[in-house]
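Heads up: numbering here begins at 1 and tracks the sequence. Hydrogens, waters and symmetry mates play no part in the numbers below; they use all other heavy atoms, side chains included.
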Amino acid sequence: MDYSEVIEFVKKTASENSGKDSYPFRNSYDHTMRVYRWAIRLQAKLGGDLDVIVLAALLHDVGWEEGRPHNEVSAEIAVEYLDSIGVDPEMIVKVGEIIMVHEDKETDKDLSLECRIVMDADLLDEVGAVGIMSDCMAAGLEDQASYKRTYYRIKEYYRNNKPKISWCKTDTGRNEFVKRLQLVEGYIYQLERELF
């Protein structure tokens, strides 16, 4: 399947219909593309239906509407869009189901491999080098920005994300999450040596 048309749809839709983020450097499309790349990497190691995984990863955050859960809105938009381009109805159902459940990170339901991969890919975007960069950029926008304030922000980010390892749905995702936590730990350690 050629995903370029879907990527263009996501790009267009995200610019018209995405959640409001408090930081100008963050946007739904960039997040989606990182999740898409993680989903492909995980699928290469774990298997599963690549088309279902990629479509769900690309469309998982495509919809935002005030007062409604974004996974519900995204699933509706995804199902309608995939139907309009002639995707197999069984595949549409699988993609819609993944999008509906992807936000429920603490679920203990019996999930398909494809769903677990997309959920892990989404989770992996929240931790690691991109998270450090995000914290640095956000701290730079604050009043009285400083290296030490940024250090404390990164440390808090680490503290908040460390327990999320329990949300990983695959061993491969968990192993990658651990590597990314170790990167953040190393960065914090080095910052402490240089700042204090």
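Counting heavy-atom neighbours within 6.0 Å of Glu90 CD, excluding the residue itself, gives a total of 12 or less. Within a 6.0 Å sphere centred on OH of Tyr187, other residues, nucleotides and ligands contribute 12 heavy atoms or fewer. No more than 12 heavy-atom neighbours from other residues, nucleotides or ligands sit within 6.0 angstrom of OH on Tyr189. The environment of CE in Met133 is sparse: at most 12 heavy-atom neighbours from other residues, nucleotides or ligands sit within 6.0 Å. Within 6.0 Å of CD in Glu80 there are 12 or fewer heavy atoms belonging to other residues, nucleotides or ligands. Taking a 6.0 Å sphere around CZ of Arg159, one finds it holds more than 12 heavy atoms contributed by other residues, nucleotides or ligands.
Within the 4.5 Å cutoff, side-chain heavy atoms of Cys136 are placed close to those of Ile154. You'll find the side chain of Glu176 stays beyond 4.5 Å of the side chain of Thr172, heavy atoms only. In this structure the side chain of Glu114 never reaches within 4.5 angstrom of the side chain of Glu97, judged on heavy atoms. The closest side-chain heavy-atom distance from Met33 to Val10 is not below 4.5 Å. Residues Val87 and Val95 are not in side-chain contact: their nearest non-hydrogen atoms beyond the backbone lie 4.5 Å or more apart. Proximity of Phe9 to Ile85: side-chain heavy atoms (C-beta onward) are nowhere separated by under 4.5 Å. Using a 4.5 Å cut-off on side-chain heavy atoms (C-beta onward), Leu181 and Lys162 make contact. Looking at Glu65 and Glu76, their side chains never come closer than 4.5 Å, going by heavy atoms from C-beta outward.
Nearest heavy-atom pair across Arg174 and Asp171 is NH1-OD1, 2.8 Å. The heavy-atom pair separating Ala121 from Ala39 by the smallest distance is CB-N, 3.5 Å. Closest approach of Ala78 to Ile99, counting heavy atoms only: CB-CD1, 3.5 Å. Shortest non-hydrogen contact noted between Thr170 and Gly173 is OG1-N, 2.9 Å. When all heavy atoms are compared, the tightest approach of Asp30 to Asn27 is N-OD1, 2.8 Å. The minimum heavy-atom distance between Gly96 and Ala75, with the atom names listed, is O-CB, 3.9 Å.
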Does the side-chain contact (heavy atoms from CB on, under 4.5 Å) test come out yes or no for Leu59 and Tyr36, once each step is laid out?
-> CA-CA 9 Å; Leu59 297 164; Tyr36 159 68; over 6 Å; no

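If you chain together hydrophobic residues whose side chains sit under 4.5 Å apart, Leu58 and Val118 fall into the same group. No continuous path of hydrophobic side-chain contacts links Val130 to Met137 [ILVMFWY only; heavy atoms under 4.5 Å]. Both Ile53 and Val62 are assigned to one and the same hydrophobic cluster, defined by single-linkage of ILVMFWY side chains at heavy-atom distances under 4.5 Å. Connection of Val35 to Val6 is not established within any shared hydrophobic cluster, with ILVMFWY side chains joined at heavy-atom distances below 4.5 Å, either directly or through further cluster members. Linking Ile, Leu, Val, Met, Phe, Trp and Tyr whenever their side-chain heavy atoms come within less than 4.5 Å leaves Met100 and Val54 in two separate clusters.
The CG atom of Asp83 sits 13.5 Å away from the CE atom of Met91 when rounded to the nearest 0.5 Å. In this structure, CG in Asp122 is found 6.0 Å from CG in Asp61, a value given to the nearest 0.5 Å. Atom CD of Glu156 sits about 9.5 Å away from atom CG of Asp135, to the nearest 0.5 Å. Taking CD1 from Ile165 and CG from Leu123, the interatomic distance works out to 9.0 Å, rounded to the nearest 0.5 Å. Between atom OG1 of residue Thr13 and atom OH of residue Tyr29 there is a gap of 11.5 Å, rounded to the nearest 0.5 Å.
Using a 30° and 60° split on the angle between ring planes, His70 and Trp64 fall in the parallel class, below 30°.
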Expected list for residues 44-52: side-chain donor-acceptor pairs under 3.5 angstrom, two or more places apart:
residue: Asp49; atom: OD1; partner: Asp51; partner atom: N; Å: 3.0
residue: Asp49; atom: OD1; partner: Val52; partner atom: N; Å: 3.2
residue: Asp51; atom: OD1; partner: Tyr3; partner atom: OH; Å: 2.4

Only distances under 3.5 Å count here; give the side-chain donor-acceptor pairs of residues 139-148 to other protein atoms, sequence neighbours excluded, each with its distance to 0.1 Å.
residue: Glu142; atom: OE2; partner: Arg153; partner atom: NH1; Å: 2.7
residue: Ser146; atom: OG; partner: Arg149; partner atom: N; Å: 3.0

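The side-chain contact (heavy atoms from CB on, under 4.5 Å) search around Val79 returns Ile92, not counting sequence neighbours. Partners of Arg37 according to the salt bridge (charged side-chain N to carboxylate O under 4.0 Å, His left out) rule, which considers only residues two or more places apart in sequence or in another chain, do not exist here. Taking Lys164 as the reference, Glu126 meet the salt bridge (charged side-chain N to carboxylate O under 4.0 Å, His left out) condition, with sequence neighbours excluded. Residues satisfying the salt bridge (charged side-chain N to carboxylate O under 4.0 Å, His left out) criterion with Glu5, sequence neighbours excluded, are absent altogether.
Considering Leu124, Asp125, Asn175 in turn, Leu124 is the only one that fulfils the side-chain contact (heavy atoms from CB on, under 4.5 Å) rule with Arg180. Lys155 pairs in a side chain to side chain donor-acceptor pair (under 3.5 Å) with only one of the listed residues (Tyr158, Tyr157, Tyr151), which is Tyr151.
For Lys169 (side chain) and Lys105 (main-chain N/O), a donor-acceptor pair under 3.5 Å exists by modelled atom type. The main-chain N or O of Asn71 is never found under 3.5 Å from a side-chain atom of Ser74 such that the two would form a donor-acceptor pair.
Ion pairing of Glu8 with Lys11 is absent here, as no side-chain N (NZ or NE/NH1/NH2) approaches a carboxylate O to less than 4.0 Å.
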